[in-house]
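Convention: sequence-line order gives letters A, B, ...; per-chain numbering from 1.
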Protein chains: 4
Amino acid sequence: MSLNTFGHVFRVTTWGESHGPALGAVVDGCPPGVPLAAEAIQHWLDRRKPGQNRFTTQRREADEVEILSGVHEGVSTGTPIQLMIRNTDQRSKDYGAIADSFRPGHADYAYWVKYGVRDPRGGGRSSARETAARVAAGGVARAALAQLVPGLTVRGAMVQMGAHAIDPAAWDWDEVERNPFWTPDAKAAAAWADELDAIRKAGSSIGAVIELRASGVPAGLGAPIYGKLDQDIAAALMSINAVKGVEIGAGFASAALSGVENADEMRMGAEGPEFLSNNAGGILGGISTGQEIVARFAVKPTSSILTPRATIDRAGRDAEIVTKGRHDPCVGIRAVPVGEAMLACVLLDHLLLDRAQTGGARGRIGAAG
Amino acid sequence: MSLNTFGHVFRVTTWGESHGPALGAVVDGCPPGVPLAAEAIQHWLDRRKPGQNRFTTQRREADEVEILSGVHEGVSTGTPIQLMIRNTDQRSKDYGAIADSFRPGHADYAYWVKYGVRDPRGGGRSSARETAARVAAGGVARAALAQLVPGLTVRGAMVQMGAHAIDPAAWDWDEVERNPFWTPDAKAAAAWADELDAIRKAGSSIGAVIELRASGVPAGLGAPIYGKLDQDIAAALMSINAVKGVEIGAGFASAALSGVENADEMRMGAEGPEFLSNNAGGILGGISTGQEIVARFAVKPTSSILTPRATIDRAGRDAEIVTKGRHDPCVGIRAVPVGEAMLACVLLDHLLLDRAQTGGARGRIGAAG
Amino acid sequence: MSLNTFGHVFRVTTWGESHGPALGAVVDGCPPGVPLAAEAIQHWLDRRKPGQNRFTTQRREADEVEILSGVHEGVSTGTPIQLMIRNTDQRSKDYGAIADSFRPGHADYAYWVKYGVRDPRGGGRSSARETAARVAAGGVARAALAQLVPGLTVRGAMVQMGAHAIDPAAWDWDEVERNPFWTPDAKAAAAWADELDAIRKAGSSIGAVIELRASGVPAGLGAPIYGKLDQDIAAALMSINAVKGVEIGAGFASAALSGVENADEMRMGAEGPEFLSNNAGGILGGISTGQEIVARFAVKPTSSILTPRATIDRAGRDAEIVTKGRHDPCVGIRAVPVGEAMLACVLLDHLLLDRAQTGGARGRIGAAG
Amino acid sequence: MSLNTFGHVFRVTTWGESHGPALGAVVDGCPPGVPLAAEAIQHWLDRRKPGQNRFTTQRREADEVEILSGVHEGVSTGTPIQLMIRNTDQRSKDYGAIADSFRPGHADYAYWVKYGVRDPRGGGRSSARETAARVAAGGVARAALAQLVPGLTVRGAMVQMGAHAIDPAAWDWDEVERNPFWTPDAKAAAAWADELDAIRKAGSSIGAVIELRASGVPAGLGAPIYGKLDQDIAAALMSINAVKGVEIGAGFASAALSGVENADEMRMGAEGPEFLSNNAGGILGGISTGQEIVARFAVKPTSSILTPRATIDRAGRDAEIVTKGRHDPCVGIRAVPVGEAMLACVLLDHLLLDRAQTGGARGRIGAAG
């Protein structure tokens, strides 16, 4: 992870600003021979696309991906894959207020003090629009994973909005595709809809927690000590706009557990080792165990709100700022496909990194073990 | 971060196993001319050293650091600094049980399935002894920071043990040095002592939460999008043994905040911009704002416990395992100096990375801003 | 340097194939505030552009660069700069012969055995068209260098074609811009023109040697031991298509020198240390000394020729191949601006890397030295 | 390659100074299960060891390697391998003259201007003693290669000393082990012995050219565009002390070849594709073709000589310098095992990097090709 690139051997470099002509990702290190069609990648982009319901920004972007390189006759060639998405709904408006004053909680101030120059149009590089490039790259990762590890799935869901968490017992993956919150709990979806309407009307916004699950992940992925799988997942998720916390498995709750409670006991099953619980979230010592990978991340509320907030301007004067425009009242919603994409990229990267070092050879359990 | 190295331009590579002859860190990219004495680094190592009270492992290690390279006449030369710590209390005992069976919750199984070979003595590479090398490297980072940013401080404290959090209002940094938990709340220290005695006697262990604070950090550190300061902090902390969660500023609590509550409003103060709150934990858009950096991480309970747990062995047979030996009942305690060291390394790395790109030039506020 | 990215902190990632819709470079880590206009970058691209005289390929490409990100109101913002060049003269022709058989001396065979899939159209990713992206990136590097080290210049010239080297005594930098070979020796240019006409008519091609010189380079650039300035220059030049050799200063000739002859003696001049010779090519111990940087690289003859050569095809049958189409008879000519661009990128990268570690502080000579 | 680390996924970090207590290498990313004994690594170190004949420095160093980590019960565990070599013959002498004045042609001046501090004892970090760490790391690479690609060999030989090249027709690999120059031409060895005696007595030194050959290298290694195999070989060799030039295959001679001459024609042989010549040196488009890899590098004469040379001192005064002490009159001799080690490391690194991306899958020739 360095500047605008992440990954060890499957590397993604994103580029582009919110209101520039285009943005995109260069995906490098993809195995050759992976079937890749723009339509398949588009499928994932459409899930993140703005303007799909009243709870996401009303900016109208087709978010149409173009594959400019690295694919020949429908398969990856092993050379870099350029995925470009044109910006089509950059409104020509006056960014004067935002250009001079800093939105509290936003990257405006930080970019200014670091670079001494910034593109204020739509947040420039710090806009969540950058995450479209991640989702496109994630589409490539998913295609490669589908070929290399057929049964592997990566899914995400919103499990908390504001102070209200879902009922884990009500978890229904099918429900995720049926509501605008990507939540597996139908009751929570209904309650959140009312709550978010109220928040939006009040000119405010709200935070959320997203949970990601990857099943079918081979045991043995992760490179201790400083390329641990959980460490790279943490980095990948923390790099998403507005994320303030990441946890694996039991996460922060594990602080309250005893060693007896926390230990995921094992038994030999018909098809190999089995775990009796999953506090570890599928990762021990930085290496996947074959259990389901479970990660959660917290998304703070959108900082671009209609309620006036105290701030300063570049001239060093106290000021008040109101952010008009088209902003998500709960940016956590669209973070679901983004989190999935990041996890898919990390898993593929570690699959390749592991076969570099170990060739996929594995310590055996049983028989000749 | 890759395999056993972390950092962009200030890079630390650690090596060594729990029961090998030695372990250490190669610190590369340290600025030249930094005063470096083994004694100063030893100061930090002594804080992490085992066997200092009844709540840490009774293994007796001097943890004496030797500087084998990179320092001439008391100052760094800009060449790699090899910090070596000899292992002196590796007991020659029978590791048969641990070598054949896998401790639930421990890296044993994961290392075996990945590598097909492992050093079972004391946990080998996955032992928390590796963190001694981090603390030594952190000592170098602190010395360089002291020269480059004189007022900068990096401190840590345990803020929760098991289900019991400290009273934030009782926070007293001086208290941290007076109790065996590195906690700033004297009452919590007393209560935890009783609780941990009971846990230890019961043959179990317990988790914890550690909070890190860095003040005096210049605004402008962090390299969006994929070298964000918070992302690298998250990676560095998640790489520590037994860590299952990381958060910045308000962290997971920010999910429950409204945008109005979460926004850290700004006002122009006598000495520059001031923030009226710090939900951001000192980082916006991946870049430091000049506010105090606040990070927390959750440490799961030690998995090496005296209570028998169900497991399997390499032959694929169900088994029961009890881990005798000298283990910390709350590994979170000694994670405090480790967390501090990691944060110091990340801050120095980003200080250097920032001056690479920007030369330390900054957007001005006020006057000619 | 990894897959399709080069550089430590000034990183360039190139993408694109010869006959895809476009190719380009993502330039990451550029300092903020550098004036960047497409026109200025175009200036360098125009030098490399095909079809400018009878000695380069007759493919007609405008090679027009578009800046898609990272520049706002005419200056770099510190975020990634996407430079895109559309391919406009990809002829729809039958690549059947080349797609099935392998051109001797060409990357055809190597790509096939590595990836099992390749884009045969115009050589795909292995085409010298990729070097347009390097030249564009070099334009960014030059602009940043112009701001950071005003007097620094990077220039190149062809010093040998086939068996015929220039007369060093006739070196005239102005002449370089006047002939189609970028050579500083007018007589050589005239002789080479005749020779190359004959070679072209004979359906063959010829090799060349290019010399690069950078003056005004600050002393102190280069990161021993494995980020040496000469090492990175060697890597950057060897990465250019068709390059088979690289040397610094006296290069291979230094093997025949005695230690007495080779030592570049020093004297104190009015403006600082002076060297009495430059066998070192401006680099000692991997670090620049302030002398002119001198590097040379050898370019093999174009492997796409009209003379039939023995080869095999994918089916494992012996075959004969003739490469029709629009190819440079001496690909070394257009390697001049490419070599310059690579050297500019390496120098900027090391300037930034050096200020990361040393802050540009320097050991002083004289006075308080 | 960055600061003191080289390699993509098989990474070597070296540390240590000429006269510090020890030096060494951390080897990271070695596959698990590779048989590794100190004795086997020692074999390679003994070849580079000083003081073995009158043509190398008379410094007496056992160069005994200790494996401090990463090996358990005789095999690599996949964790970092620390290889340490103690310095035992650092003479306590007065370095006053060298500490104050700069040896022409040596890194003294460059280190001083970069870092403002340097360890003058024996050249500190810039001493060729650092190459012992490379040779030790190369021993690990050779062991891993022996397991992964049984038939692969990496060998080197001195092919030119001063102005005198060997007779290629007289090449005899057995002869290499019989003379102090590691040269395959017995007559050259005899002539060089006389010549080098004279040079040494005259208080001077001399340069050399070394050739490396690797056979049995699988086709498909190398990661275009910026991780090309030849590019990484060039970087690895140029990073060796005193190297001023690197070439692959026909190298600089290819500049004088026509396209007809240069093309290595192919025919289908009984065991697969065959090449009728090897101007490419086994690499096309940055990827190995299965032919023998051929690389050469030029080593300048030792700059530490007994003949007085003009220089300056730190105070900015003109001075004269004579370097007494124990120096190799032809440092190229001991560069042979160093070059071999670097090539072995690069080949293993690319073998692992290739299986990361392609899994070792290959485009087939013939049959289902």
Side-chain angles (χ1 to χ4, degrees), chain C residues 1-4 6 104-105 107 110 112-114 116 126 162-163 204-205 207 209 219-220 223 225-227 231 234-235 238-239 244-245 247-248 251-252 254-256 258-260 262-263 265-266 268 284-285 287 289 298 300-302 305 307 309-312 314 316 318 362-363 365-366 369, chain D residues 1-4 6 104-105 107 110 112-114 116 126 162-163 204-205 207 209 219-220 223 225-227 231 234-235 238-239 244-245 247-248 251-252 254-256 258-260 262-263 265-266 268 284-285 287 289 298 300-302 305 307 309-312 314 316 318 362-363 365-366 369:
Chain C
M1 312 253 174
S2 64
L3 302 188
N4 293 278
F6 68 90
W112 173 251
V113 291
K114 182 178 185 75
S126 72
S204 191
S205 59
V209 176
I225 302 289
Y226 301 113
Q231 166 187 353
M238 193 65 95
S239 79
K244 301 302 285 185
E247 56 183 14
I248 306 292
F252 275 88
S254 66
S258 73
V260 172
N262 181 66
E265 294 184 295
M266 299 181 77
M268 198 62 191
L284 288 172
I287 302 170
T289 60
K300 70 178 184 184
T302 317
I305 51 176
T307 307
R309 308 306 296 152
T311 189
I312 62 171
R314 281 196 291 174
D318 286 348
R362 291 282 173 262
I365 299 294
Chain D
M1 312 251 174
S2 64
L3 301 188
N4 292 278
F6 68 91
W112 173 251
V113 292
K114 183 178 184 73
S126 72
S204 191
S205 60
V209 175
I225 301 288
Y226 300 114
Q231 166 187 352
M238 193 65 96
S239 78
K244 301 302 285 184
E247 56 183 14
I248 306 292
F252 275 87
S254 66
S258 73
V260 173
N262 180 68
E265 293 183 296
M266 300 181 76
M268 199 62 190
L284 288 171
I287 302 171
T289 60
K300 70 178 184 184
T302 318
I305 51 176
T307 306
R309 307 308 295 151
T311 189
I312 61 170
R314 281 196 291 173
D318 285 349
R362 293 281 172 263
I365 299 294

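- Contacts with chain D were tallied for C:Pro301, C:Ser204, C:Ser126; C:Pro301 has the most, counting heavy-atom pairs under 4.5 Å.
- Of the listed residues (C:Ala256, C:Gly116, C:Ala107), the greatest number of heavy-atom pairs within a distance under 4.5 Å of chain D belongs to C:Ala256.
- The CD1 atom of C:Ile248 sits 11.5 Å away from the NZ atom of D:Lys300 when rounded to the nearest 0.5 Å.
- Atom CG of C:Asp318 and atom CD of D:Glu265 lie 11.0 Å apart (nearest 0.5 Å).
- With chain D as partner, the option from C:Ala219, C:Ala234, C:Ala163, C:Gly162 having the largest number of non-hydrogen pairs under 4.5 angstrom is C:Gly162.
- Considering every non-hydrogen atom in both D:Phe252 and C:Gly245, the closest pair reads CE1-C, 3.6 Å.
- Proximity to chain D is limited to the side chain of C:Thr307, based on heavy atoms less than 4.5 angstrom apart.
- Interface summary for chain D: among C:Met268, C:Met266, C:Glu247, C:Met238, the most heavy-atom pairs under 4.5 angstrom belong to C:Met266.
- Your options are D:Gly207, D:Gly220, D:Ala255, D:Gly105, and the one with the most heavy-atom pairs under 4.5 Å with chain C is D:Ala255.
- Of the two parts of C:Ile305, only the side chain, counted from C-beta on, holds a non-hydrogen atom closer than 4.5 Å to a non-hydrogen atom of chain D.
- Annotation for D:Ala110 and C:Ile287: closest pair CB-CB, 3.6 Å, computed over non-hydrogen atoms.
- In terms of heavy-atom pairs under 4.5 angstrom with chain D, the leader among C:Ser205, C:Gly285, C:Ala263 is C:Ser205.
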